[in-house]
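Sequential numbering from 1 along the given sequence is applied to the chain's residues. Values below: all heavy atoms of this structure, side chains included; hydrogens, waters and symmetry mates excluded.
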Amino acid sequence: MGGWAIAVHGGAGVDPNLPLDRQEQAKQLLTRCLNLGISALRSDLPAIDVVELVVRELETDPFFNSGRGSALNENGRVEMEASIMDGPKRRCGAVSGLSTVKNPISLARLVMDKSPHSYLAFSGAESFARQQGVELVDNDYFITEENVGMLKLAKEANTILFDYRIPLGMESCAAGVESPLQMNGLPISIYAPETVGCVVVDNQGRCAAATSTGGLMNKMTGRIGDSPLIGAGTYACDLCGVSCTGEGEAIIRGTLAREVAAVMEYKGLGLQDAVDFVIRNRLDDGKAGLIAVSNKGEVACGFNCCGMFRGSATEDGFMEVEIWNQ
């Protein structure tokens, strides 16, 4: 075993004009979450507990698009989703369509631990949350004034707005005038989603992954993205743990998270080579990124857009928090 390792992300597709103060805010939040995970790993918490702990912290802070601060759907409401996976036996739990659960990732964990199922959604998931006694809040708790303004802009432009913080019309890394990004053949104006995720390998070589999101600004009611889909946005097995972020429909088509594990298993690639292969060959025209750890204590990331909010650390003292390409 190579010791523990941890990585966190706050979304891929960062606008190059993001103000420096917002960049610093993002780095401070990622650093805080990394330190939270490092402390837990040093206390010998298993990987599955650490990914839940870190993603809960990300859901509680409104900076990224998960939990409080989630993007709003076309009706101005929050519909959140999350998934978690424990590598050793590939146990998993996922939820979608949540509107009152304060920490979706913890409900996903309860689906894994306390139900006979792997995935619950909408009214069924909310009912299960009440049965389990998890903390519930009004939908207004998740809604920020900033997101209300971004939804208004998205509706005026009749488009899906990926990044709730970037005004329409601002130049973006994936939204050029000559070649606008498309989702399932339909043009969208800005690409910068901000799903959150965490992957961990503990000092026993156990891998785990967790992902949480509010989805797309002005999304259709009932839309489900990649984040709660095991094998697409989240995957963990005895080899690795993976959490993805980006254009959900492309990640779903490419079963991106599972592909990392598959090429490690079937092609014999190392972790970073597997991540690079998948980003290069499995996204077609989609834009996305991912973070990953291996059971050897390695950590890796990859993305094919301007940047990805990310941080990572390993037991040997390595630690970094980055946004842009290096």
Side-chain angles (χ1 to χ4, degrees), residues 4-16 18 20 22-38 41 47 50-51 53-59 61 63-66 69 105 162-163 165 173-174 191-201 207-213 226-227 233-236 240-248 251 256-257 260 271-276 278-280 283 286-294 297-315 317-326:
W4 57 256
I6 180 173
V8 297
H9 74 72
V14 185
D15 192 277
L18 187 66
L20 290 177
R22 298 306 293 262
Q23 294 182 40
E24 186 57 32
Q25 280 182 268
K27 287 184 175 182
Q28 289 177 2
L29 174 55
L30 291 170
T31 300
R32 187 174 84 231
C33 291
L34 265 184
N35 284 328
L36 180 67
I38 290 168
L41 285 162
V50 179
V51 294
L53 178 71
V54 171
V55 171
R56 278 180 63 94
E57 184 73 11
L58 288 162
E59 288 174 339
D61 193 295
F63 189 88
F64 293 126
N65 176 17
S66 67
I105 197 63
F162 277 83
D163 185 353
R165 300 174 311 155
C173 63
Y191 175 78
E194 295 181 351
T195 294
V196 305
C198 180
V199 292
V200 166
V201 58
C207 298
T211 311
S212 181
T213 191
D226 67 285
S227 296
T234 304
Y235 191 74
C240 63
V242 184
S243 175
C244 300
T245 173
E247 185 188 338
I251 294 170
L256 212 65
V260 174
L271 183 68
Q272 187 64 63
D273 286 342
V275 168
D276 293 343
V278 168
I279 292 294
R280 185 173 61 248
L283 276 169
K287 299 294 182 182
L290 61 86
I291 54 174
V293 292
S294 78
E298 301 163 312
V299 64
C301 73
F303 50 96
N304 65 352
C305 42
C306 275
M308 179 169 72
F309 296 107
R310 65 198 189 277
S312 58
T314 58
E315 189 172 0
F318 168 81
M319 181 175 176
E320 71 173 11
V321 176
E322 299 287 348
I323 300 176
W324 312 111
N325 280 310
Q326 292 179 305

Practice task
Can you see which heavy atom on Thr245 is nearest to which on Met308, and at what distance?
Solution key: CG2-SD, 3.8 Å
Practice task
Report yes or no: do Ser243 and Thr234 form a side-chain donor-acceptor pair below 3.5 Å?
Solution key: no
Problem - Any donor-acceptor N/O pair, Glu298 side chain to Gln272 backbone, under 3.5 Å - result: no
Handout entry: Between NZ on residue Lys27 and CG on residue Leu34, distance to nearest 0.5 Å
Key = 13.0 Å
Exercise for the section: Kindly compute the distance separating CZ (Arg56) from CG (Leu36), expressed to the nearest 0.5 Å. Expected result: 11.0 Å
Practice task
Find the distance between CD (Gln28) and SG (Cys33) and round it off to the nearest 0.5 Å.
Solution key: 12.0 Å
Exercise for the section: Check whether any side-chain heavy atom of His9 lies under 4.5 Å from a side-chain heavy atom of Thr195, and answer yes or no. Expected result: yes
Handout entry: Check against side chain to side chain contact (heavy atoms under 4.5 Å, CB included), Val14 and Trp324
Key = CA-CA 8 Å; Val14 185; Trp324 312 111; 3.6 Å; yes
Handout entry: Main-chain N/O of Gly286 paired with Asn304 side-chain donor or acceptor, under 3.5 Å
Key = yes
Fill in the blank from the handout: Between Gln23 and Leu18, the two heavy atoms sitting closest are NE2-O, 2.8 Å
Problem - Close side-chain approach of Glu320 to Phe318, heavy-atom, < 4.5 Å - result: yes
Problem - Val200 vs Cys198 side-chain heavy atoms within contact, under 4.5 Å - result: yes
Completion exercise
Heavy atoms of Val201 and Leu41 approach each other most closely as O-CD2, 4.2 Å
Exercise for the section: Would you give the length of the straight line joining atom OG1 of Thr31 to atom CD of Glu24, rounded to the nearest 0.5 angstrom? Expected result: 8.0 Å
Problem - Least distance between heavy atoms, Val299 atom then Ala5 atom - result: CB-CB, 4.4 Å
Problem - Any side-chain heavy-atom pair of Ile6 and Val199 under 4.5 Å - result: no
Exercise for the section: Using atom types as modelled and distance alone, determine if a side-chain donor or acceptor of Arg310 lies under 3.5 Å from a backbone N or O of Ile323. Expected result: yes
Exercise for the section: Show your reasoning for whether side chain to side chain contact (heavy atoms under 4.5 Å, CB included) applies to Met319 and Ile38. Expected result: CA-CA 10 Å; Met319 181 175 176; Ile38 290 168; 4.1 Å; yes
Handout entry: Ile291 side chain reached by Val242 side chain, heavy atoms, under 4.5 Å
Key = no
Exercise for the section: Quick one: closest heavy-atom pair of Cys244 and Leu290, and the distance? Expected result: SG-CB, 3.9 Å
Exercise for the section: Please test Val51 against Ile105 for side chain to side chain contact (heavy atoms under 4.5 Å, CB included), starting from the C-alpha separation and ending with a verdict. Expected result: CA-CA 9 Å; Val51 294; Ile105 197 63; over 6 Å; no
Handout entry: Non-hydrogen side-chain atoms of Phe303 and Asn325 separated by less than 4.5 Å
Key = yes
Practice task
State whether a side-chain donor-acceptor pair under 3.5 Å links Ser66 with Glu59.
Solution key: no
Practice task
Please test Val196 against Asn65 for side chain to side chain contact (heavy atoms under 4.5 Å, CB included), starting from the C-alpha separation and ending with a verdict.
Solution key: CA-CA 7 Å; Val196 305; Asn65 176 17; over 6 Å; no
Handout entry: Distance-minimising heavy-atom pair for Ser227 and Thr213
Key = OG-CG2, 3.3 Å
Exercise for the section: Evaluate the side-chain proximity of Glu57 to Arg32: yes if any heavy-atom separation is below 4.5 Å, no if none is. Expected result: yes
Exercise for the section: Taking the side chain as every heavy atom from C-beta outward, state whether Phe64 and Leu29 have any pair of such atoms under 4.5 Å apart. Expected result: yes
